[in-house]
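Worksheet: the structure to be examined is printed underneath.
Throughout, protein chains are lettered first and strands after them, A, B, ... in sequence-line order, and every chain is numbered starting at 1. Just so we're clear, the structure is a prediction, and the values are computed from it rather than from any experiment.
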2 protein chains.
Amino acid sequence: MQRNGRDVAGGARPEVPAEVPPADGVVDAPATIPAARERARAIPQAAVGRLAVYLRVLSALIDQGVTTISSEELAGAAGVNSAKLRKDLSYVGSYGTRGVGYDTALLVEHIERLLGLTRHHSVAVVGIGNLGHALANYDGFPSRGFPVAALFDIDEDLIGVPVGGLPVDRIDDVPRVCARREITIGVVCTPAVAAQSVCDLLVDGGVRCILNFAPVVLQVPEGVEVRKVDLAVEMQILSFLDARRADGLLPVIELVDGLAVGR
Amino acid sequence: MQRNGRDVAGGARPEVPAEVPPADGVVDAPATIPAARERARAIPQAAVGRLAVYLRVLSALIDQGVTTISSEELAGAAGVNSAKLRKDLSYVGSYGTRGVGYDTALLVEHIERLLGLTRHHSVAVVGIGNLGHALANYDGFPSRGFPVAALFDIDEDLIGVPVGGLPVDRIDDVPRVCARREITIGVVCTPAVAAQSVCDLLVDGGVRCILNFAPVVLQVPEGVEVRKVDLAVEMQILSFLDARRADGLLPVIELVDGLAVGR
DNA sequence: TATTGTGAAACAGTTCACAGCG
DNA sequence: CGCTGTGAACTGTTTCACAATA
């Protein structure tokens with residue numbers, strides 16, 4: 001294909017045809033894989049998250065009628081510095097114009113392609129408690145290309161009840177329904193104890209991407225991606241930053257041995 | 001200059017005034033500033049997040065009556081490798097026993113201290129829509145030491161209505177109520193357009209830690225920490241990983257390692 | 001001229017491997 | 001002997017600074 005967004009990655013050799021990847025079953029392929037991977041595309045994971053942010057900012061700018069923007073301005077709007085922004089965009093390709101800036105629409109197009117947003121994604125939410133309920137109704141999902149297409153809960157009283165316009169299905173039907181509706185992303189909002197078994201059911205249903213809100217570490221087979229969102233952990237990180245600041249900005253950690261300084 | 005919207009808003013930058021990136025030309029003495037900063041926070045940001053996870057795992061283990069655990073076991077339960085775990089714990093101090101392992105209770109005590117959990121924290125949730133409603137009721141906050149002590153919304157019909165046992169207050173009262181109830185953490189769940197002004201009100205009320213669910217980059221004065229949770233961005237990262245895998249070149253093992261789970 | 005795109009340098013975080021110790 | 005704690009090596013990420021160029 002002519003598109004090159006991915007192998008343009010800076011520093012990468014001119015394109016080398018994608019090496020035949022080892023079959024999925026191969027678990028232990030040792031030394032060779034890293035090399036192949038590096039050649040394939042070296043886009044830092046951290047950059048991927050930021051590209052999603054740029055995409056959101058760009059969409060807003062386009063809505064405001066902005067057609068061109070410099071790295072400096074876009075960086076400001078996205079909360080990063082311009083060098084980082086340019087580096088990130090260089091992973092997408094060379095779509096800027098020197099002396100001018102970037103064409104917003106063009107950039108959106110290429111970032112979307114890179115992020116795989118041209119594919120179809122459907123979301124299943126499992127566990128329709130407080131959080132699941134909120135996510136089932138969360139505008140941000142459908143509006144950014146992630147329609148919620150299935151809801152599940154274990155509570156019989158909820159089965160069939162429409163939430164956000166979609167009826168809740170039985171947990172046991174997860175594999176069947178996910179397969180039938182071609183769910184690509186599963187969101188786990190169950191209590192901790194149920195999360196692993198729900199995750200297993202999603203995997204059975206062919207779901208390979210999981211967003212986990214339950215405070216447990218999910219075990220998944222190779223080839224399944226998990227991202228975790230742990231709200232209490234976020235709070236604790238804030239608590240840490242707060243404590244450090246209140247401690248007068250520095251002395252604590254360095255002298256940890258003494259540990260006394262804490263508080 | 002702006003903190004990096006996506007991740008943590010790095011620790012308190014020492015003095016580095018916002019504007020002055022060394023003009024081009026000469027690179028100033030490279031060694032001095034980093035040194036000062038290093039002394040301030042010798043504990044990697046990433047490690048802090050993991051410590052919060054270890055804390056959760058340890059609490060569960062203690063509930064099960066486990067009093068001692070090796071780095072290997074704890075690492076397995078937390079989804080990281082043992083070297084990383086030991087390194088992380090070394091930032092807390094030397095509380096293990098060689099040849100034996102760690103005393104679970106002792107470790108919890110010291111991690112809590114490091115994370116500042118011995119302080120009192122109260123949470124305010126602003127924007128009682130779907131998500132705000134869910135968070136106001138979220139067990140994970142109070143159970144981990146973050147009681148929700150104030151709720152705010154702009155909708156007059158909601159004012160006074162109890163949500164999770166707590167009545168909703170007017171947005172305009174944010175500064176007053178936050179100050180009075182000594183709120184330390186503000187959770188922003190408003191629509192994007194309202195987020196910045198709500199954030200400003202929280203800051204006026206003395207809140208120095210903000211957890212932002214709105215899809216915008218908040219501008220805050222120095223000394224205020226912001227963590228962002230962007231659910232659509234999480235989805236897009238999953239989409240990217242999915243697309244990459246589907247494209248062939250899938251060195252999944254390594255990616256999973258770096259991005260989601262240690263394993 | 002203004003701004004991108006990018007090597008190279010600096011920095012941050014992770015893993016290795018083994019000394020040190022209970 | 002087994003397991004922690006950690007310097008050193010390594011890998012990933014950010015920043016710098018400037019050549020290329022519309």
I'd like to know if the side chain of B/S82 reaches the main chain of B/A75, judged simply by a donor and an acceptor atom lying under 3.5 Å from each other, with no hydrogens or angles considered. no
For the helix from C/dT1-D/dA22 to C/dG22-D/dC1, what angle lies between the axis at the first five pairs and the axis at the last five pairs, to 10 degrees? 10°
Ring-plane angle category for B/Y95 and B/H110, please: parallel below 30°, perpendicular beyond 60°, tilted otherwise. parallel
When rounded to whole Å, the OH to P distance for the pair B/Y91 and D/dG7 reads 11 Å
Give a yes or no answer on whether the side chain of A/Q196 reaches the backbone of A/Q219 with a donor-acceptor pair at less than 3.5 Å. yes
Between the base of D/dT21 and the side chain of A/R98, is there a donor-acceptor distance below 3.5 Å? no
Would a distance-only check, ignoring hydrogens and angles, find a side-chain to backbone donor-acceptor pair under 3.5 Å from B/R227 to A/L238? no
Does a side-chain N or O of B/N81 approach OP1 or OP2 of C/dT14 to a distance below 4.0 Å, or not? no
Here the distance between atom P of C/dG5 and atom CD of A/E72, to the nearest Å, is 14 Å
Nucleotide D/dT4, atom P - distance to NZ of B/K84 in whole Å: 17 Å
Compare side-chain N and O positions of A/Y102 against OP1 and OP2 of C/dG5 and report whether any pair is under 4.0 Å apart. yes
Is there side-chain contact between A/V224 and A/L202, with heavy atoms separated by less than 4.5 Å? no
A/K87 NZ to C/dC11 C1', in whole Å, measures 14 Å
For C/dG13, does either OP1 or OP2 sit under 4.0 Å from a side-chain N or O belonging to B/R50? no
In whole angstrom, give the distance that lies between atom CG of A/L85 and atom C1' of D/dC16. 16 Å
Indicate whether OP1 or OP2 belonging to D/dT4 is found under 4.0 Å from a side-chain N or O atom of B/S71. yes
Pick the closest DNA chain D nucleotide for A/A47 and for A/V100 by heavy atoms, then say which residue is nearer the 5' end. A/A47
B/E73 CD to D/dC3 P, straight-line distance once rounded to whole Å: 8 Å
Distance in angstrom units between B/L74 CG and D/dC3 C1', rounded: 13 Å
Could you check how far CZ of A/R86 sits from P of D/dC16, rounded to whole Å? 11 Å
